[in-house]
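Note that the structure is a prediction, hence the values are computed from the model and not measured. Each ligand, and each atom within it, is numbered from 1 in the order the structure gives.
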Amino acid sequence: MSDMANQEYLLKDQYRDATNFTLRVETLQRMGVMQGSWYRWIFDHIQIPEQSRVLELGCGPGFLWRENLDRVPQSWEVTLSDFSPGMLEAARHNLEKGGEHFAYQVIDAQAIPYEAGHFDAVIANAMLYHVPNLAQAFSEVRRVLKPGGNFYATTIGDRAIAELGTIMQQVGYGTWLGSPFGFSIENGGQQLEHWFTHVTLDRLEKQLLINERESLLGLVRSGMSKQEQQDATKLHAAQEAVERLLQQDQELTITMDFGIFVASN
Ligand SMILES: C[S@@+](CC[C@H](N)C(=O)[O-])C[C@H]1O[C@@H](n2cnc3c(N)ncnc32)[C@H](O)[C@@H]1O
């Protein structure tokens, strides 16, 4: 289809009114795979003055920024960092349009190569539970933050992990991304209070109903190693286990329990 014909189709059919699009978005949100709402919710909590230097640790594919580009003041100097160069590459790609002025840097959260007081805000989104030496990471974050600057750290709750863990066990995998988690909603506040004077927590809980095999299998696959994912026998076993689970229960509920800590001195 030519560009013109495609435009015509979109205008007169697919996007003639909001029905199709609204249905699509609502379905995705109900399944919990819509990234937008989660990243918008996080950004709602981020209060950073104009002319600020902002560091994100473990930025992954840059979704926080992609989903909130319209809310990022041009005056912010944003450094997106991750210890995985592959993740940074994905972030750069995802932010090709609109994120040209962001800087990208390979950084391990446990050794931040900046002088003391360099940043006005540091963000660590769903990544601290992967960091082996959390004390080292917190010490580094505190060091590079200006006095009064905020540290934003999001994570999930034990309940969410427990449910995912149970499903993984039922399909033959013992753990969910190597849980137990060293930084969760339940244990995060106490840890942060060791390094920061002011610590607050805001929570977002929602129930995800998983009633179709592709969503559930996707969830299971995402918790498997790349090697396991390439193992046809393991994949087949996971597929069969997912079928069995859905036959037993028809619908599986997962409580997604997210939280954002805001910490400062
Ligand atoms: C679950 S992903 C979250 C990605 C992103 N923050 C988001 O919420 O969309 C965790 C990320 O943390 C990164 N990561 C894990 N350990 C890290 C470390 N020690 N230092 C920096 N990044 C790390 C991983 O490479 C990955 O991109």
Trainee: Where is the nearest protein heavy atom to atom 9 (O) of ligand 1: which residue, which atom, and how far?
Mentor: Tyr39 OH, 2.6 Å

Trainee: Identify, for atom 3 (C) of ligand 1, the protein heavy atom at the shortest distance, and state residue, atom and that distance.
Mentor: Ala126 O, 3.5 Å

Trainee: Specify the protein heavy atom at minimum distance from atom 4 (C) of ligand 1: its residue, its atom name, and the distance to 0.1 Å.
Mentor: Gly58 O, 3.5 Å

Trainee: For atom 26 (C) of ligand 1, grab the closest protein heavy atom and report residue, atom and distance to one decimal in Å.
Mentor: Asp82 OD2, 3.6 Å

Trainee: Would you say His93 has more than 12 foreign heavy atoms packed within less than 6.0 Å of its NE2?
Mentor: no

Trainee: Asp120 side chain to Pro49 main-chain N or O, any donor-acceptor pair under 3.5 Å?
Mentor: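 Not a single qualifying donor-acceptor pair exists.
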
Trainee: Could you tell me which atoms of ligand 1, counted from 1 in the order shown, lie closer than 4.0 angstrom to a heavy atom of Ile107?
Mentor: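 Atoms satisfying the 4.0 Å criterion: 20 (N), 21 (C).
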
Trainee: Using the ring of each side chain (for Trp, its six-membered ring), is Trp195 parallel, tilted or perpendicular to Phe138, with breaks at 30° and 60°?
Mentor: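 Aromatic pair Trp195/Phe138 classed tilted.
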
Trainee: Could you check if a side-chain atom of Leu95 sits within less than 4.5 angstrom of a side-chain atom of Leu80, using non-hydrogen atoms only?
Mentor: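 Yes; the side chains approach each other to less than 4.5 Å.
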
Trainee: I'd like to know if the side chain of Thr79 pairs up with that of Gln105 as donor and acceptor (distance under 3.5 Å, no hydrogens or angles considered).
Mentor: no

Trainee: Heavy-atom distances under 4.0 Å are what count here, so tell me which part of Pro132 touches ligand 1: side chain, backbone, both or neither.
Mentor: neither

Trainee: What residue and heavy atom of the protein are closest to atom 16 (N) of ligand 1, and at what distance?
Mentor: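 Nearest neighbour among protein heavy atoms for atom 16 (N) of ligand 1, to 0.1 Å: Phe83 CZ, 3.3 Å.
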
Trainee: With heavy atoms of Glu56 as the reference, note each atom of ligand 1 found under 4.0 Å away.
Mentor: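 In order of numbering, the contacting atoms are 6 (N).
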
Trainee: Nearest to atom 20 (N) of ligand 1, what protein heavy atom do you find, and at what distance?
Mentor: Ala109 N, 2.9 Å

Trainee: In terms of atom number and element, which parts of ligand 1 are under 4.0 angstrom from non-hydrogen atoms of Asp108?
Mentor: 18 (C), 19 (N), 20 (N)

Trainee: Hey, is Leu64 touching ligand 1 through its side chain, its backbone, both or neither, going by heavy atoms under 4.0 Å?
Mentor: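 Answer for Leu64: neither.
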
Trainee: In terms of atom number and element, which parts of ligand 1 are under 4.0 angstrom from non-hydrogen atoms of Ser84?
Mentor: 25 (O)

Trainee: Does the side chain of Tyr129 come within less than 4.5 Å of Ser184's, by heavy atoms?
Mentor: no

Trainee: Could you check whether any side-chain N or O of Gln110 sits under 3.5 Å from a backbone N or O of Gln136, counting only pairs where one atom can act as donor and the other as acceptor?
Mentor: no

Trainee: Could you tell me the residue and atom name of the protein heavy atom closest to atom 12 (O) of ligand 1, and the distance to it rounded to 0.1 Å?
Mentor: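 Heavy-atom neighbour on the protein nearest atom 12 (O) of ligand 1: Met127 CB, 3.3 Å.
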
Trainee: Please write down residue, atom name and distance for the protein heavy atom closest to atom 8 (O) of ligand 1.
Mentor: Asn125 ND2, 3.3 Å

Trainee: Are the side chain of Asn125 and the backbone N or O of Thr154 linked by a donor-acceptor pair below 3.5 Å?
Mentor: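 Such a contact is absent between Asn125 side chain and Thr154 backbone.
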
Trainee: Using the test salt bridge (Lys or Arg N to Asp or Glu O under 4.0 Å), find all partners of Asp44 that sit at least two apart in sequence or belong to another chain.
Mentor: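 Here the qualifying residues are Arg71.
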
